[in-house]
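Just so we're on the same page: letters track the sequence lines, and every chain starts at 1. Since the model is a prediction, treat every value here as computed from it, not as a measurement.
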Protein chains: 2
Amino acid sequence: MAKVSFREQVLQVREDAIVASVNRLLAEKGFDLMTVDEVVADVGIAKASLYKHFSSKEELAAAAMVRVLDLALAEVERLRQQPAAPLEQLRAVARWTMQVQLAGEMPSLPSQNSTLRAALVAHKGYMDRLLRLSDLLGEWIEAGQADGSLRAELPPEVLLYTLFARACDPVLGLLKAAGQYSDAQIIDILLLSCFGGLSTGQEAQAAAATKRVRKA
Amino acid sequence: MAKVSFREQVLQVREDAIVASVNRLLAEKGFDLMTVDEVVADVGIAKASLYKHFSSKEELAAAAMVRVLDLALAEVERLRQQPAAPLEQLRAVARWTMQVQLAGEMPSLPSQNSTLRAALVAHKGYMDRLLRLSDLLGEWIEAGQADGSLRAELPPEVLLYTLFARACDPVLGLLKAAGQYSDAQIIDILLLSCFGGLSTGQEAQAAAATKRVRKA
DNA sequence: GTCTATAACGCGATAGAC
DNA sequence: GTCTATCGCGTTATAGAC
């Protein structure tokens, strides 16, 4: 039993090393520019060994996403320990995702139609964590809409999707590449544009848009 | 001269047909899922003929982007004929891009690192149009910041990038896929979340965030 | 000559042999 | 763990049809 445990530990360590490499490469180059050969070269193992752990390139990406989702879930659980208004909790989560992006640790995957999307929605570990995270964020969203700090005219899913989308918004990469703002400034800018919107004087605008939105 | 003109016309018509097919396939399946074989099958020409017009798959995508940028420029020029506040002009442009998306005519390209990005920034026709569009939108953005309808705390480029990013925001696709909102409702929802932000009561929030943003 | 059809080459993902 | 094979796809080259 000690041997088995040891062997399993070795496998686990290797798997962690693979996922770490994949995560870094995905953040650097994106899914299509990352080749499996790069991964095995980076980890220092043979291609066949990698395919013992993961059955496809898509599985590799899914493992990296599972990793960041676990980190996100841990961050959310940590935030739940501290009492704060729902809006502030959501802002803190958004801030955390931007920090991950700025640290170069957010995998960049094609968000639209692709074989990868299909593989992800079919991936149980990924979907379980995504749904759990959605549930946790959904609580804050509904609480925020109830206490008036979040727009109740917007369907809760829209708030959820928008927050998820900001976790890989290309605008952050553009600002980072421009190089004229500090990381802290970029985060403040994007939090403001996301939660506060682009325009001032929301009253008239919100009233005008509410007409149709309410019909949902 | 008539012969040359006729031949050129034939080439032009074929090129238009190619770009139209590419545009549709890009909107349907995205760049990586679209194969060159599909394109030639759809147009009904031989592969070699296609490569006479476009030297690579990336060039095909660039041609499709040039097409939508030309449509966008035409729409902006049309809007400039009609007097309206800068904020309303920008909202109208954002609305137009969402209509294009909902009509299934917006090419979906990987927005992040990829060979395609490199090809696009090196593509003169694409970059010329993109810069021209940026200039035109920039005028409205600065005017909107000057008249107080757009947040002056945000750098103008941030507003520009954010509008561009909304033109291919995955949130629209998610709402469309959910199927529970009409096209008009989706547009109103996204305009509100983009220009109005997710939260209500922007005063305190804006004041808090402005501290650091201003340091830029 | 220009189009079409088809084959061929390179590269990367995947799988199996040793 | 290395090596080799296959397959898909982008790309190029070849050969035939009008």
Side chain to side chain contact (heavy atoms under 4.5 Å, CB included) between A:Asp42 and A:Ile18: does it pass, once the steps are laid out?
CA-CA 8 Å; A:Asp42 195 59; A:Ile18 295 173; over 6 Å; no
Set out, in order, the CA-CA distance, both residues' side-chain angles and the distance that settles side chain to side chain contact (heavy atoms under 4.5 Å, CB included) for B:Leu163 and B:Leu90, then state yes or no.
CA-CA 9 Å; B:Leu163 288 175; B:Leu90 290 172; 3.9 Å; yes
If you apply the rule side chain to side chain contact (heavy atoms under 4.5 Å, CB included), what do you find for B:Met65 with B:Leu109, and how did you get there?
CA-CA 9 Å; B:Met65 287 308 297; B:Leu109 309 181; 3.5 Å; yes
Derivation of the side chain to side chain contact (heavy atoms under 4.5 Å, CB included) call for A:Asn23 and A:Val68:
CA-CA 9 Å; A:Asn23 195 86; A:Val68 301; 3.6 Å; yes
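Between B:Cys194 atom SG and B:Arg95 atom CZ the span is 12.5 Å, to the nearest 0.5 Å.
Here A:Arg117 pairs with A:Ser114, A:Leu120, A:Tyr126 under the side chain to side chain contact (heavy atoms under 4.5 Å, CB included) rule; sequence neighbours left out. Evaluation of the salt bridge (charged side-chain N to carboxylate O under 4.0 Å, His left out) rule for B:Glu139 yields B:Arg80 as partners, not counting sequence neighbours. Applying the side chain to side chain contact (heavy atoms under 4.5 Å, CB included) rule to B:Glu58 yields the partners B:Phe31, B:Ser56, B:Thr115, B:Leu116, B:Ala119; only residues at least two apart in sequence or on another chain are considered. Evaluation of the side chain to side chain contact (heavy atoms under 4.5 Å, CB included) rule for B:Ala92 yields B:Leu79 as partners, not counting sequence neighbours. The side chain to side chain contact (heavy atoms under 4.5 Å, CB included) check on A:Lys176 picks up A:Leu102, A:Asp183, A:Ile186, with sequence neighbours excluded. Every residue meeting the salt bridge (charged side-chain N to carboxylate O under 4.0 Å, His left out) condition with A:Glu28, not counting sequence neighbours, appears here in chain and number order: A:Arg24.
For residues 116-127 of chain A, proximity to DNA chain C is found at no residue, defined as any non-hydrogen atom under 4.0 angstrom from a strand atom. Residues of residues 14-22 of chain B that place a heavy atom closer than 4.0 Å to DNA chain D do not occur. The stretch residues 25-56 of chain B comes close to DNA chain C through B:Gly44, B:Ile45, B:Ala46, B:Ala48, B:Ser49, each having a heavy atom under 4.0 Å from the strand.
In this structure, B:Ser134 contributes its side chain and B:Leu130 its backbone to a donor-acceptor pair below 3.5 Å. In this structure a side-chain-to-backbone donor-acceptor pair under 3.5 Å is present from A:Gln89 to A:Gln82.
When each of B:Leu150, B:Val76, B:Leu87 is tested with B:Trp140 by the rule side-chain contact (heavy atoms from CB on, under 4.5 Å), just one qualifies, namely B:Val76.
Think of the region where chain A sits on DNA chain D: with heavy atoms and a 4.0 Å cut, that region ends 5' and 3' at D:dG1 to D:dT2.
Residue contacts shown for A:Glu58 are limited to sugar-phosphate atoms, with no base heavy atom under 4.0 Å away.
Applying the side chain to side chain donor-acceptor pair (under 3.5 Å) rule to pairs touching residues 154-165 of chain B yields A:Tyr181-B:Glu157, sequence neighbours excluded.
Rounded to 10°, the helix from C:dG1-D:dC18 to C:dC18-D:dG1 has 30° between the axis fitted to its first five pairs and the one fitted to its last five.
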